[in-house]
Structures are given as C-alpha cells and as structure tokens.
Protein chains: 2
Amino acid sequence: MTDASHALSALADPTRRRVFERLAESPASVAEITRGLTVSQPAVSQHLKVLREAGLVTGTPKGASTVYRIDPAGLGPLRQWLDRFWDAQLEAFARVVDEDKP
Amino acid sequence: MTDASHALSALADPTRRRVFERLAESPASVAEITRGLTVSQPAVSQHLKVLREAGLVTGTPKGASTVYRIDPAGLGPLRQWLDRFWDAQLEAFARVVDEDKP
DNA sequence: GGGATGCATCAGTCATGACTTATAATAAGC
DNA sequence: GCTTATTATAAGTCATGACTGATGCATCCC
C-alpha cells in the first residue's frame, strides 16, 4: 500500500535528490558523484545506502570502485501511490457532478 | 524545476501522509481529521499548514470550523518531476540498445 | 452577552537524521 | 609486498522538525 513511503522519505532530502538526479543522467562511481556535490564522501555513501534500501538505485562493484545506477523499478510504487490520488480526485469530481443532477 | 521538493518533504512524514490520504477520501474539518489519528489537534493543524504551503490541500472557513480538501493541482509538479526520470530511464535504455549495434 | 466549540499559534521538549573526521577493508599498480 | 585509491562503517556533533500542553481568537447557540 505505502511502500512508497521509503521512496518518499528517501527523495525528501535535497542532497539525496541531487545524487539521484545525477545518476539519472548516467551511472557513476561514488567518487564521481562526490565531485558534483559539496559534501564529503562518507555523506554520499550514506545517502547511497538509503537510496539502495529504498530500491531506487543499485550498486555493482567494478574493480576497486562501485558503479551506481538508477533502478528502473524503484519509482514504480511511488508512481502507483500517486495515481491512487489522481483517481480518487476524479471520483470525487464525478461525485460532485452527480450531486448537481436533479 | 524542483518545486516538487515541497510536495516530497511534505508527504515524507507518515502522519502527514495519513492526513492527506484521509482528505483524498473526502473533505473534512480539523476535528474530523484528528479523530482518525492518535495525535493532538495542534499537531494536525501544523501538518495541515505544511500541506497547505506545499499546495497539496486547501482550507476554506465554514462557520466556526474549516473544511480542508485536496488541491487537485498540488500533485502536478511531483508527477512531472517523476516523469522526468521515467523519460531519462527510457533514454538510457535506448542508448544501451544502440551501443549493441555493430 | 456568556458559555461552549473549533482552530491556530506559542513555547518548550525530544528524537531523528544529515553531516563531519577517523578508520577499516578491499582492490589495483608499481 | 607495499603503497595508493576507492568505498563503507564508526563515533560524535548539531540542527531540524514532530509532538505536547497552554493560550488566544473567532464563531455559533442559548
């Protein structure tokens, strides 16, 4: 029902959102991600851990470094959750229209 | 670009999400919302303020009470933001497929 | 008008989490 | 093998924000 909660709380943080947006452009290592930000490397690793546990990104070891990429299925639950309210809104609107009938 | 940030941080909180979900079913007063939860009335008012400032709900005074309802346009930016990554993912996939060609 | 109800704001408490530096662990290159 | 590079974890600090009770302010009803 609300497995979107993980995605929501993960993406609520601005820094974590920037990490996610960075990976949306192309896969990158932790060092590469860190270069684009103003926080330390451990901070980036911690953010990546949260994003990983939320199913939003995946990390695959590549030699000494680890390449992170977006998990395509990660945003699914959030999208679904959002659509529920979209539908609910349409229902509510239909209800109001219905009440206007004699 | 990321006006979705307000919506994200607003919906990241579980209690606030429950308030939002409650209003998705039907408009309600603050007292009615509070009845469905386990937090105090001031807490609900504070959550409603955040949701209001995020453009997710609207409150209209009705006599002594205030009726809150979902703002249909509120989730728009968040949906749009989400779709950006959906598209980016498709692009990335197309790029990979392209690279496989001789 | 006076009491009651419904909501918002104030002030204060407390937990969570975002960040830091330091350090451990693993892999690559000389 | 030893140094260097890359990442993950540990420990600690600090700010933010979610909650509470108390209070102010309207509005309705008698």
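Residue numbers begin at 1 in each chain, while the letters A, B, ... track the order of the sequences.
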For Val39(B), enumerate each residue passing the side-chain contact (heavy atoms from CB on, under 4.5 Å) test, keeping only those at least two apart in sequence or located in another chain.
Thr15(B), Leu37(B), Ala43(B), Val44(B)
Do the non-hydrogen side-chain atoms of Glu21(B) and Glu25(B) ever get within less than 4.5 Å of each other?
no
Arg22(B): which residues meet the side chain to side chain donor-acceptor pair (under 3.5 Å) condition with it, sequence neighbours left out?
Ser26(B)
Side chain to side chain donor-acceptor pair (under 3.5 Å) against Arg79(A), all qualifying residues, sequence neighbours excluded:
Asp83(B)
Set of residues satisfying side chain to side chain donor-acceptor pair (under 3.5 Å) with respect to Arg52(B), sequence neighbours excluded
Tyr68(B)
Determine the sole option in Leu11(B), Leu56(B), Leu51(B) for which the side chain to side chain contact (heavy atoms under 4.5 Å, CB included) test with Arg16(B) is passed.
Leu51(B)
Once you build an axis from the first five pairs and another from the last five of the helix from dG1(C)-dC30(D) to dC30(C)-dG1(D), how far apart in angle are they, to 10 degrees?
20°
Side chain to side chain donor-acceptor pair (under 3.5 Å) filter on Ser45(B), not counting sequence neighbours, yields Gln41(B)
List for me each residue that meets side-chain contact (heavy atoms from CB on, under 4.5 Å) alongside Ala31(A), sequence neighbours excluded, and say none if there are none.
Ser29(A), Arg35(A)
Using nucleotides 16-19 of chain D, report all nitrogen or oxygen pairs with the protein that are shorter than 3.5 Å.
{"residue": "dA18(D)", "atom": "OP2", "partner": "Arg16(B)", "partner atom": "NH1", "Å": "2.7"}
{"residue": "dA18(D)", "atom": "OP2", "partner": "Arg16(B)", "partner atom": "NH2", "Å": "3.4"}
{"residue": "dC19(D)", "atom": "OP1", "partner": "Thr15(B)", "partner atom": "OG1", "Å": "3.0"}
{"residue": "dC19(D)", "atom": "OP2", "partner": "His47(B)", "partner atom": "NE2", "Å": "2.1"}

For residues 17-49 of chain A, which residue pairs qualify under ring pair (Phe, Tyr, Trp, His ring centres under 6.0 Å), counting only residues two or more places apart or in two chains?
Phe20(A)-Phe85(B)
What does the list of N/O pairs under 3.5 Å between the protein and nucleotides 4-8 of chain D look like, with a distance for each?
{"residue": "dT7(D)", "atom": "OP1", "partner": "Val30(A)", "partner atom": "N", "Å": "3.0"}
{"residue": "dT7(D)", "atom": "OP2", "partner": "Ala31(A)", "partner atom": "N", "Å": "2.7"}
{"residue": "dA8(D)", "atom": "OP1", "partner": "Tyr68(A)", "partner atom": "OH", "Å": "2.5"}
{"residue": "dA8(D)", "atom": "OP2", "partner": "Ser45(A)", "partner atom": "OG", "Å": "2.9"}
{"residue": "dA8(D)", "atom": "N7", "partner": "Gln41(A)", "partner atom": "NE2", "Å": "3.0"}

Could you list the residues that satisfy side-chain contact (heavy atoms from CB on, under 4.5 Å) with Thr60(A), not counting sequence neighbours?
Val67(A), Arg69(A)
